[in-house]
Number of protein chains: 2
Amino acid sequence: MRKSAARTGPAGGKVTLEMVALRSGVSPATVSRILNGTAVVSDEKRAAVDLAIAELGFVPNPIARGLAGGRTLSAGVITQAIDSPFYGVALRGIEEVLDKAGYIPLFVSGHWNADEEKRCIEVLRSRRVDGLIVLTGRLGDAELGKVAKTLPTVITGRVLKAPGLYSLQFDDFEGARLATEHLLSLGHRRIAFIAGDPVHPDANERLRGYRSALQAAGVRFKSSLVLQGSFIEESGRAAVQRLLASGEAFSAIFAANDQMAFGAALALYEEGLRVPDDVSVVGFDDLAGATHSIPPLTTIQQSGLEMGRLAAASLLELLAGELPKAQLPKPQLIVRASTRPIAPA
Amino acid sequence: MRKSAARTGPAGGKVTLEMVALRSGVSPATVSRILNGTAVVSDEKRAAVDLAIAELGFVPNPIARGLAGGRTLSAGVITQAIDSPFYGVALRGIEEVLDKAGYIPLFVSGHWNADEEKRCIEVLRSRRVDGLIVLTGRLGDAELGKVAKTLPTVITGRVLKAPGLYSLQFDDFEGARLATEHLLSLGHRRIAFIAGDPVHPDANERLRGYRSALQAAGVRFKSSLVLQGSFIEESGRAAVQRLLASGEAFSAIFAANDQMAFGAALALYEEGLRVPDDVSVVGFDDLAGATHSIPPLTTIQQSGLEMGRLAAASLLELLAGELPKAQLPKPQLIVRASTRPIAPA
DNA sequence: TTGTACGCGTTATCAT
DNA sequence: ATGATAACGCGTACAA
């Protein structure tokens, strides 16, 4: 009769640590020690326990672990929209790395709203996450520093040094410089820039990079070639419509992200202008869609996947008491079919 | 000294139910009852407890709740890739509805692999989720039925009746019929079809819809016009390249999803063919990118957002012991710029 | 090296 | 209606 306890596999409900202890003839404490490597255990006992675990199909209960040990093996991840084409890839990287380490990510969306982000943090805190990853986010630096005091945190999209906090940032300036330089090298001189929402630090950095490249090439900056966008397709489309209406001459467009570049290309298409024959277009991000857009988009690659992976790995290091030192890879120019040498005037 | 316990706000660490009980002069049990509405409590005590909760900034600990009560107020969500353009939107819908109900979703990715899905389920089970949402998925019906026996489950992408299980499905057949009919109504007769991976039930339904519409219009089905794809951009591109190489005449393409339609449009572009002037193209899904593709894609809308919302709402009903009755909205034809009447031969 | 006993913050089962 | 008290499953001082 007792043998029925051997009913194995995850299908049979709740196998507890205590049951493993009983079956292997040791104390629950020892089983716990083996599970966590908390102390040295004799080889025989270890073998017996391992066997029992296998036979019973025991799986530790993270909930109980969380209550007892304070660790939940879960990490909170604050993204802005779970279906964002850029951050979505980052989530995949996070999931991949965290999962390998036995951690589970808790994804919550802040919707580009500081108050919502605060709420997210409270929710995550109440779920007793071991650490936190914030993708960009609107929360102030000070606020974030406070959070990190009690919750190991990795933040992307800004530089910020504080105890318990590690930040990861792309070189937006360099990326924008690269993109602009590419257009300049193709002979373009009248290069329009579609800027992102200035509340994002990234947006300003990219504008800086654009200006810097122009200056280095001796091309005068014209503010009439800078259009305000908001990082979404429609804003890129509207920007180009305004540009066209203004009568300002231009032979190329650099959009501060791919989504706006798509919108810009559409606006050109709608006006009968061809990319790259009439106008060259460069984006920023290298979204999945950039490969198969028409034409395939020349852009600056900043790997969201790698960002996610590194953020997760850094958090894991933070949790292990180590000091992360990962750096995001340098931005790279990906030349596709949306740019070409300027046509002779 | 004791007064320092009144340090309020979420910032001050762990305020426990017991502390609330102490401060309001009742037993922990009563506090719990008030919190959960488990029993009737006198108005005075209730008031006292409410006050204490507010003063202390008490927030119940879901971990402890999970251990004690068996409910974790969390729901597992198995998606295939967290960054999928279609399912991503569904995740947003799920998050939105679940969050409002105080539930938190645990997103895990099965990567279109039955074994991984099984592992996902085990992970989620060990996390003691209260319910499960499976977006499509590769797991067998029988397997899923077994899971649902012990874990309330909502599944999308197939019809399946079982205790504890609710399924939500799009009318793929009707959607495909609509798309094909649209092309037929524009005068197209040689309509190529780029099929999806046949392991997906959706793929076959869409093929059926295509055939059905042809038949209804008296157009003979030609297997040489059916190309095998795999639901990703590149497969659509390759399909069109094969079609072009085959020399088979066609004036329109219906792709079983938007991603393949994008790839198809790219292949046409690369061969110097214009959409819709030379070839009309219709997709399926109405992804976010369809609005700003070049040209904007005519497609069948199946709202991922609504799917997510309804799946979450249905799960909540299941958890409440009710019988869900939600139905997915009918697929709708969205006419954009990638289709036009056939040019006179 | 190993076991005992307690605590983590709630809910549930008894009594009263 | 309310209050003790025992779980829930595990980690961890502390003792041995």
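All figures in this text were calculated on a predicted structure; none of them were measured in a lab.
- Toward the 5' end of DNA chain D, the nearer of the two residues A:R65 and B:V40, judged by each one's closest nucleotide, is B:V40.
- The distance from atom CG of B:N61 to atom C1' of C:dG7 is 14 Å, rounded to the nearest whole Å.
- Under the salt bridge (charged side-chain N to carboxylate O under 4.0 Å, His left out) criterion, B:E306 pairs with B:R309, not counting sequence neighbours.
- Listed by residue number, the members of residues 26-37 of chain B with any heavy atom below 4.0 angstrom from DNA chain D are B:V26, B:S27, B:A29, B:T30, B:R33.
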Subject >> Pair A:L319-A:Y103, side-chain contact (heavy atoms from CB on, under 4.5 Å): steps then yes or no >> reply: CA-CA 11 Å; A:L319 291 174; A:Y103 276 77; 3.7 Å; yes

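- Listed by residue number, B:S42, B:K45 are the residues of residues 42-52 of chain B with a heavy-atom contact under 4.0 Å to DNA chain D.
- The CD1-P distance, from B:I53 to C:dT10, rounds to 10 Å in whole Å.
- If you take CG of B:L73 and C1' of C:dG9, they are 14 Å apart, rounded to a whole angstrom.
- When all heavy atoms of A:R33 and A:V41 are compared, the closest pair comes out as CB-CG2, 4.2 Å.
- Salt bridge present: B:R119 and A:D99 bring a charged side-chain N and a carboxylate O closer than 4.0 Å.
- Taking the 5' to 3' direction, DNA chain D first and last meets chain B under 4.0 angstrom from a heavy atom at D:dA1 to D:dG9.
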Could you go through residues 136-146 of chain A and list every donor-acceptor pair under 3.5 Å that involves a side-chain atom there, pairing it with any protein atom two or more places apart or in another chain?
from   : atom 1 : to     : atom 2 : distance (Å)
A:T136 : OG1    : A:Y87  : OH     : 2.6
A:R138 : NH1    : A:W112 : O      : 3.0
A:D141 : OD1    : A:R158 : NH1    : 2.5

Original post:
Between A:L98 and A:L316, does a side-chain contact (heavy atoms from CB on, under 4.5 Å) hold up when you go through it step by step?
Top reply: CA-CA 8 Å; A:L98 248 34; A:L316 255 21; 4.0 Å; yes

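- Counting heavy atoms from C-beta outward, B:Q169 and B:T156 have side chains that stay 4.5 Å or more apart.
- Closest approach of B:F58 to B:T16, counting heavy atoms only: CE1-C, 3.5 Å.
- Residue B:V41 is the one, among B:V41 and B:R128, whose nearest nucleotide of DNA chain D lies closer to the 5' end (criterion: closest heavy atom).
- Protein atom CD of B:E18 is 14 Å distant from nucleotide atom C1' of C:dT11, rounded to whole Å.
- Considering every non-hydrogen atom in both A:S126 and B:V59, the closest pair reads CB-CG1, 4.1 Å.
- Put simply, the side chain of B:E95 never gets that close to the backbone of B:P105: no donor and acceptor are under 3.5 Å apart.
- Under the side chain to side chain contact (heavy atoms under 4.5 Å, CB included) rule, A:C120 has a single partner from A:L106, A:V108, A:L132, which is A:V108.
- Salt bridge B:D130/B:R71: absent, no basic N to carboxylate O contact under 4.0 Å.
- From one end of the helix from C:dT1-D:dA16 to C:dT16-D:dA1 to the other, with five pairs defining each end axis, the axis direction shifts by 40° (rounded to 10°).
- When every heavy atom of B:V147 is checked against every heavy atom of B:I121, the shortest pair comes out as CG2-CD1, 3.9 Å.
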